[in-house]
Amino acid sequence: MLTPGQRPTWWLAWAAFPYRTLARLRAFGYEAGWFRRHILPVPVVSIGNLTVGGTGKTPMVIELAERLLRDGKRVAVLSRGYRRTARAPMLLVSDGVRLLAGPNEAGDEPYLIARRCPQAVVAVGADRSRLGQWVLSRFAVDCFLLDDGFQHMGLHRDIDLLLIDATDPSGLEQVLPAGRLREPLEAAGRATAVIVTRAEKQTDVEAVLDRLRSVVKSLPMTAQVAFHPQALQAVMTGSARSLETCKGESALLVSGVGHAASFRATAGRLGLKVLEEVVNADHHCYTAHEVARLRRRAADLRADLVLTTEKDAGKLQPYLSQDDHQWWAVRLLVVWMAGEVALHRAIMHELSRPRGAGGD
């Protein structure tokens with residue numbers, strides 16, 4: 001007889017079978033031309049993943065947008081705007097000059113991308129092909145970055161970047177609902193490049209790559225990145241503080257991201273004494289009552305600072321006052337461990353290729 005701990009796993013494994021079959025059929029249908037794939041008249045670079053949860057897509061979108069902007073490209077980011085409150089089918093978050101929507105109405109990740117990349121156009125909408133045409137009708141754009149686009153196969157992409165977390169090998173084992181894979185692992189074979197994130201430990205990287213090689217006959221180009229804290233930013237004012245100044249201080253951690261363990265590890269590397277941690281679901285929407293409760297808890301703990309993520313900071317700010325000077329967010333920097341030059345060369349080559357009129 002199955003124990004209570006075994007029973008859900010058994011049923012979930014059965015439930016995963018039709019999900020896996022449908023995911024494979026869907027991917028095959030697009031490759032075979034059964035389903036229509038729209039083509040935008042400018043190149044599309046997709047950044048996505050295979051698992052639910054945080055692999056670092058938002059930092060990578062920011063990194064690539066900043067790099068392309070430095071190269072003189074006019075960049076637009078297309079995002080679904082997950083859990084946004086605005087009901088319009090398409091919403092402009094930034095016109096490349098100013099922010100036009102807040103984190104709740106736009107979604108926390110598009111808002112953060114728009115803040116970090118003020119020269120990029122950022123727009124949200126469920127239908128990314130229609131959204132791209134809508135953006136092109138308003139702005140001169142050289143390329144699109146498709147945020148979380150690996151499963152959005154209805155839109156042709158010229159570069160398909162797949163992010164895989166080196167610290168999460170178990171996430172590659174089972175498809176939903178038995179595991180966290182959105183598609184079977186062999187889907188990695190359609191990527192232009194696999195970017196292994198949180199790649200500080202080479203043993204972790206090799207374990208993930210070996211797992212991919214066991215399923216994918218011809219593994220595409222690979223690269224490796226890590227996410228390092230760059231500075232602390234005051235949630236209210238945006239002023240920066242060097243990382244060295246917080247060593248030894250006590251902190252209350254507050255987060256609502258897909259990889260809370262990574263945030264906790266970052267706090268440890270900063271030399272903070274973590275008094276308590278409040279972990280919310282990814283894309284958590286804060287309330288005034290909740291923030292007041294967090295403020296009281298920080299006071300009860302006598303915490304030197306309340307530390308949160310950049311993604312959470314935008315949603316917390318409306319409920320803070322100028323007196324909340326102890327609330328800080330960690331600003332992350334993408335550090336390339338391997339494959340940077342080859343990948344950037346491949347992207348720029350694709351963006352510079354002569355292109356037809358495109359369209360649907």
Side-chain angles (χ1 to χ4, degrees), residues 8-32 34-35 37 45-61 80 82 146-227 258-259 261-262 282 337-339 342-343 346:
T9 302
W10 186 82
W11 281 108
L12 289 173
W14 274 101
F17 177 77
Y19 183 95
R20 181 168 55 248
T21 302
L22 287 172
R24 284 176 173 151
L25 282 173
R26 179 175 179 267
F28 178 78
Y30 275 107
E31 292 301 318
W34 297 350
F35 307 132
R37 179 172 280 166
V45 179
S46 169
I47 302 96
N49 59 12
L50 281 176
T51 57
V52 295
T55 55
K57 292 188 304 296
T58 301
M60 280 306 305
V61 171
R80 178 185 170 191
Y82 184 68
L146 184 61
D147 177 31
D148 196 13
F150 198 70
Q151 285 75 40
H152 199 78
M153 287 177 276
L155 176 61
H156 168 81
R157 66 290 312 281
D158 301 270
I159 295 284
D160 223 339
L161 304 180
L162 176 64
L163 274 54
I164 294 181
D165 186 347
T167 66
D168 183 32
S170 63
L172 303 180
E173 297 302 321
Q174 294 282 347
V175 298
L176 294 165
R180 299 211 321 281
L181 282 171
R182 298 173 172 180
E183 297 182 75
L185 193 56
E186 62 263 27
R190 71 171 186 265
T192 306
V194 171
I195 302 178
V196 182
T197 65
R198 302 189 176 97
E200 286 87 352
K201 292 183 180 179
Q202 199 59 32
T203 53
D204 292 343
V205 174
E206 289 304 321
V208 164
L209 292 178
D210 286 346
R211 172 69 178 133
L212 285 174
R213 293 186 187 105
S214 72
V215 176
V216 180
K217 291 182 179 179
S218 179
L219 194 65
M221 178 191 309
T222 62
Q224 301 169 27
V225 300
F227 306 125
H259 202 305
S262 178
D282 196 11
M337 314 295 282
L343 180 59

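Fair warning: this is a prediction, and the values are worked out from it, not measured in the lab.
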- [ ] In sequence, state the C-alpha distance, the side-chain angles, and the governing distance for S262 and R198, and then conclude on side-chain contact (heavy atoms from CB on, under 4.5 Å).
- [x] CA-CA 9 Å; S262 178; R198 302 189 176 97; 3.1 Å; yes

- [ ] Report the C-alpha separation of I195 and L343 in whole Å, then their side-chain angles, then the decisive distance to 0.1 Å, and conclude whether the side-chain contact (heavy atoms from CB on, under 4.5 Å) test is met.
- [x] CA-CA 9 Å; I195 302 178; L343 180 59; 3.7 Å; yes

Task: Check against side-chain contact (heavy atoms from CB on, under 4.5 Å), E31 and M153 - done: CA-CA 9 Å; E31 292 301 318; M153 287 177 276; 5.7 Å; no

- [ ] Could you go through the side-chain contact (heavy atoms from CB on, under 4.5 Å) check for H152 and R157 one step at a time?
- [x] CA-CA 9 Å; H152 199 78; R157 66 290 312 281; 4.0 Å; yes

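The shortest distance between side-chain heavy atoms of I164 and T55 does not fall below 4.5 Å. When side chains are defined from C-beta on, D148 does not count as touching I47, because their heavy atoms never get closer than 4.5 Å.
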May I have the list of side-chain donor-acceptor pairs in residues 208-221 shorter than 3.5 Å, sequence neighbours left out?
{"residue": "D210", "atom": "OD1", "partner": "R213", "partner atom": "NH1", "Å": "3.1"}
{"residue": "S214", "atom": "OG", "partner": "R211", "partner atom": "O", "Å": "2.6"}

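Panel note: side chain S46, backbone D160; no donor-acceptor pair is recorded below 3.5 Å. Put simply, the side chain of Q151 gets close to the backbone of N49: a donor and an acceptor are under 3.5 Å apart.
When V175, L185, V194, D165 are each tested for a side-chain contact (heavy atoms from CB on, under 4.5 Å) with L50, only one passes: L185.
Under 3.5 Å, the side chains of T51 and R182 contain no donor-acceptor pair of N or O atoms.
Both tests pass for R190 against the ring of F150: distance under 6.0 Å to the centre and angle within 45° of the axis.
The distance from atom OH of Y30 to atom NE2 of H156, rounded to the nearest 0.5 Å, is 14.0 Å. Here CE of M60 is found 9.0 Å from OG1 of T197. Values are rounded to the nearest 0.5 Å. For the atom pair CD (Q202) and CE (M337), the distance works out to 8.0 Å, reported to the nearest 0.5 Å.
When the shell of 6.0 Å around OH of Y82 is examined, it contains 12 or fewer heavy atoms from other residues, nucleotides or ligands.
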